[in-house]
Number of protein chains: 2
Amino acid sequence: MVRPSTPVTREAVIDAALRIVEQEGVRQLSMRKLAAELGVAVTAIYWHVGNREALLDALVEREIADATRIRPSGRTPEARLVSIARALRTMLLARPHVIALVNERGLTPLMFLPAQAALASELEAAGLKGERVALAVRAIQYHAIGFVVLERWTERSPEQRPTAAELWREHALAAGVSPRVARDLGEPFAPPQVFEFATRALVRAVLAG
Amino acid sequence: MVRPSTPVTREAVIDAALRIVEQEGVRQLSMRKLAAELGVAVTAIYWHVGNREALLDALVEREIADATRIRPSGRTPEARLVSIARALRTMLLARPHVIALVNERGLTPLMFLPAQAALASELEAAGLKGERVALAVRAIQYHAIGFVVLERWTERSPEQRPTAAELWREHALAAGVSPRVARDLGEPFAPPQVFEFATRALVRAVLAG
DNA sequence: ACCTGAACACCGTTCAAGT
DNA sequence: ACCTGAACACCGTTCAAGT
């Protein structure tokens, strides 16, 4: 993986680090590995970016700059609000490893400001007033972000050892749940479908007051 | 922190590890620190628990065994469903560091089975049928767990550098949001209140179909 | 300005050896 | 059965020294 004579720049270091972080996760990013990949001594990295912490700062800065502005689409308030939540989900799925880093660095408000503003604006346009607006903004925001975080978790985690299906086969009757529902819960589910369903329900309830 | 002559048992190792994990986080759990705390050589730990990974397995096993069964309370379906979500939140807040470990070890279905069963049972009792039941179970489950994960994140993260208040002071007008709402969004919020509001809204919408 | 090698204080883990 | 010390292969980081 050693690139012989290409001059190493700060940008190149950040590029390489970003690649490792996105592909293998933050824990796999070691200064020595990075140096090896760039074909320089470990200490050269330190000259360019300071240290590991500062390197992660630089990653985060770049990712936040890339975060696209949110543009609501649709004609009804419900559709427009759901479209914001959907955009939030898409943005987070495209930046899997960075969210935690952003948060550690205290830049979460900055990152989610566009989405918050869009939600608030739509909710006011839909007629919501007073303290209910901020409450509704946060409810939708937490719902969307929390959902995606869990969704990513489930994707990344290894196969579950007692399968959901196995568990539901054993416990269905004792739990007072019908066979049909027990079977459904034992099967894998499509996150986008659940996200759409839950978001739509939440938005509708929030608009109804 | 050296306990001189007390015999070190497997249980004592797990106890000490659990204390470190809950107080300082998983990353701070090092075999050497653990050994120092117990007053033995590092390698003694290995005799008792195998290795670091196996030690974390043991932690998780104990925590799952401690996870209390969920007992819905309240008279209306809405109240009972909200009470399950609330119990889920309480359980997770009491076990901050363990959720990620449980998930890495593939034991998530096992941990959340009681809550899933309780939700499914209540939703069927409320008259929901067919595929909508499993969909609703997952919507509520993801909502509750996702919310708490974010809530913990926000608590643990350092002070945010551009304050939400500062950001909202600058951007309020450009974003098309009223001064009142901008001020509200610039202030810190009470997670339990938002959780209650969002959960109630979601549950109501799910029950309405 | 940019890079190197040596060194320090940390890790997790293995292994032969002690009682 | 239970514990030790030495050793190995890893970390992040600093520093004096090179061009």
Side-chain angles (χ1 to χ4, degrees), chain A residues 1-62 97-98 100-102 104-105 158, chain B residues 1-62 97-98 100-102 104-105 158:
Chain A
M1 225 25 110
V2 181
R3 261 170 256 164
S5 55
T6 27
V8 177
T9 64
R10 186 185 148 86
E11 289 310 303
V13 173
I14 299 176
D15 282 344
L18 193 56
R19 245 220 23 256
I20 294 178
V21 167
E22 285 301 354
Q23 287 179 9
E24 311 177 35
V26 198
R27 291 198 63 175
Q28 289 300 316
L29 175 71
S30 92
M31 304 299 266
R32 286 176 148 89
K33 187 195 261 181
L34 197 53
E37 189 135 333
L38 289 165
V40 293
V42 204
T43 43
I45 307 290
Y46 283 82
W47 193 91
H48 283 292
V49 296
N51 58 24
R52 192 173 187 272
E53 207 54 24
L55 173 57
L56 291 176
D57 285 348
L59 284 197
V60 163
E61 204 175 329
R62 177 183 293 187
H97 294 292
V98 190
L101 289 178
V102 169
E104 279 171 21
R105 262 137 265 272
Chain B
M1 224 29 108
V2 181
R3 260 170 257 164
S5 56
T6 27
V8 176
T9 64
R10 186 185 148 87
E11 290 308 303
V13 173
I14 299 176
D15 282 344
L18 193 57
R19 244 219 24 252
I20 293 177
V21 168
E22 285 300 353
Q23 287 179 10
E24 310 177 34
V26 197
R27 294 198 61 175
Q28 288 301 315
L29 176 71
S30 93
M31 303 300 264
R32 287 177 148 88
K33 187 196 262 183
L34 197 54
E37 189 136 335
L38 289 165
V40 292
V42 204
T43 42
I45 307 289
Y46 282 83
W47 193 90
H48 283 292
V49 296
N51 59 22
R52 191 173 187 272
E53 207 54 24
L55 173 57
L56 291 176
D57 285 347
L59 284 197
V60 163
E61 204 175 329
R62 178 182 293 186
H97 296 290
V98 190
L101 290 177
V102 168
E104 279 170 22
R105 260 136 266 273

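Scope of the values below: all heavy atoms of this structure, side chains included, with no hydrogens, waters or symmetry mates.
- The side chain of H48(B) places no N or O atom within less than 4.0 Å of a non-bridging phosphate oxygen (OP1 or OP2) of dA1(D).
- In this structure, CD in Q23(B) is found 12.0 Å from CG in L29(B), a value given to the nearest 0.5 Å.
- Considering CG of D15(B) and OG1 of T9(B), their distance stands at 7.5 Å, rounded to 0.5 Å.
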All N/O pairs under 3.5 Å across the protein-nucleotides 16-19 of chain D interface:
none

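- A side chain to side chain donor-acceptor pair (under 3.5 Å) with D57(A) is found for exactly one of R52(A), R105(A), R62(A), namely R105(A).
- The CD atom of E11(B) sits 11.0 Å away from the CG atom of L18(B) when rounded to the nearest 0.5 Å.
- Consecutive Watson-Crick or G-U pairing (both distances under 3.5 Å) extending over three or more pairs maps onto DNA chain D as C:4-8 with D:12-16, C:12-16 with D:4-8.
- In terms of heavy atoms, A12(A) sits closest to L38(A) at O-CD2, 4.1 Å.
- Between L34(B) and A17(B), the closest heavy-atom pair is CD1-N, 3.6 Å.
- Straight-line distance from the CD1 atom of I45(B) to the P atom of dG5(D): 14 Å, rounded to whole Å.
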So which protein nitrogen or oxygen atoms get under 3.5 Å of nucleotides 8-14 of chain C's nitrogens or oxygens?
residue: dG12(C); atom: OP1; partner: M31(B); partner atom: N; Å: 3.2
residue: dG12(C); atom: OP2; partner: M31(B); partner atom: N; Å: 3.0
residue: dG12(C); atom: N7; partner: R32(B); partner atom: NH1; Å: 2.3
residue: dG12(C); atom: O6; partner: R32(B); partner atom: NH2; Å: 3.2
residue: dT13(C); atom: OP2; partner: Y46(B); partner atom: OH; Å: 3.2
residue: dT13(C); atom: OP2; partner: R52(B); partner atom: N; Å: 2.9

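- Among the atoms of the strands shown, only primed sugar atoms or phosphate atoms (P, OP1, OP2) are found under 4.0 Å from some heavy atom of A41(B).
- When every heavy atom of I20(B) is checked against every heavy atom of E37(B), the shortest pair comes out as CD1-OE1, 4.3 Å.
- Annotation: the span from I45(A) atom CD1 to R32(A) atom CZ amounts to 12.0 Å, rounded to 0.5 Å.
- Rounding to the nearest 0.5 Å gives a distance of 13.5 Å between CD of E61(B) and CG of L101(B).
- A heavy-atom distance below 4.5 Å is found between the side chains of Q28(B) and K33(B).
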